[in-house]
Amino acid sequence: MLKPAIVLGASALLLAACGQSEPTPVGETEGPIVAAPENPMNPAVNTDGAPQTGTLTPGASSFTSAQAREAMERAGYTDIGELSQDAQGVWSASATRQGQQATVSVDYKGEVTAR
């Protein structure tokens, strides 16, 4: 009988100690205020599908060969040859676009570039 009374009393003291705190008024925030950027600083994937004219970005690619092939097809390439991935994670294959044969590459961001 004594143990339950002690446990109940200790619980009541803890609850009373925590109490109900008043909400922090607007403008009186504790700690640093950090605003999130409106746009990502480094978008990871090229989602517009347009061929890029810049350089490829090396990095560990998480794309499969099928996904790299799809990115090339979305960029307008046909007759895509066998894909290979280099040591920098860039997928490459020979392909045709508007009658022109080129070596087409896809980097880890999904940017498609012809050389």
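Note that these values count all heavy atoms, side chains included, but never hydrogens, waters or copies made by symmetry. Residue numbers count from 1 along this sequence. What you are looking at is a predicted structure, and each value in this text was computed from that prediction instead of being measured.
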Shortest non-hydrogen contact from Ser65 toward Leu83:
O-CD1, 3.2 Å
If you look at every heavy atom in Ala68 and Val106, which pair is closest and at what distance?
O-CG2, 3.8 Å
Might you work through the side-chain contact (heavy atoms from CB on, under 4.5 Å) test for Ser92 and Arg115, ending with a clear yes or no?
CA-CA 10 Å; Ser92 297; Arg115 301 184 248 150; 3.4 Å; yes
Would Val112 and Val104 count as a side-chain contact (heavy atoms from CB on, under 4.5 Å) here? Give the steps.
CA-CA 7 Å; Val112 179; Val104 182; 3.5 Å; yes
Distance, nearest 0.5 Å, that separates CZ of Arg69 from OG1 of Thr64
10.5 Å
Grab the two heavy atoms, one from Phe63 and one from Trp91, that are nearest each other, plus how far apart they are.
O-NE1, 3.2 Å
About how many Å separate CD of Glu82 and OG of Ser94, when rounded to the nearest 0.5 Å?
9.5 Å
Go through the structure and list residues passing side-chain contact (heavy atoms from CB on, under 4.5 Å) with Ser84, not counting sequence neighbours.
none
Nearest atoms (heavy-atom pairs only) where Gln101 meets Thr96:
OE1-OG1, 3.0 Å
Hey, are Arg97 and Thr78 close enough side-chain-wise for a donor-acceptor pair under 3.5 Å?
no
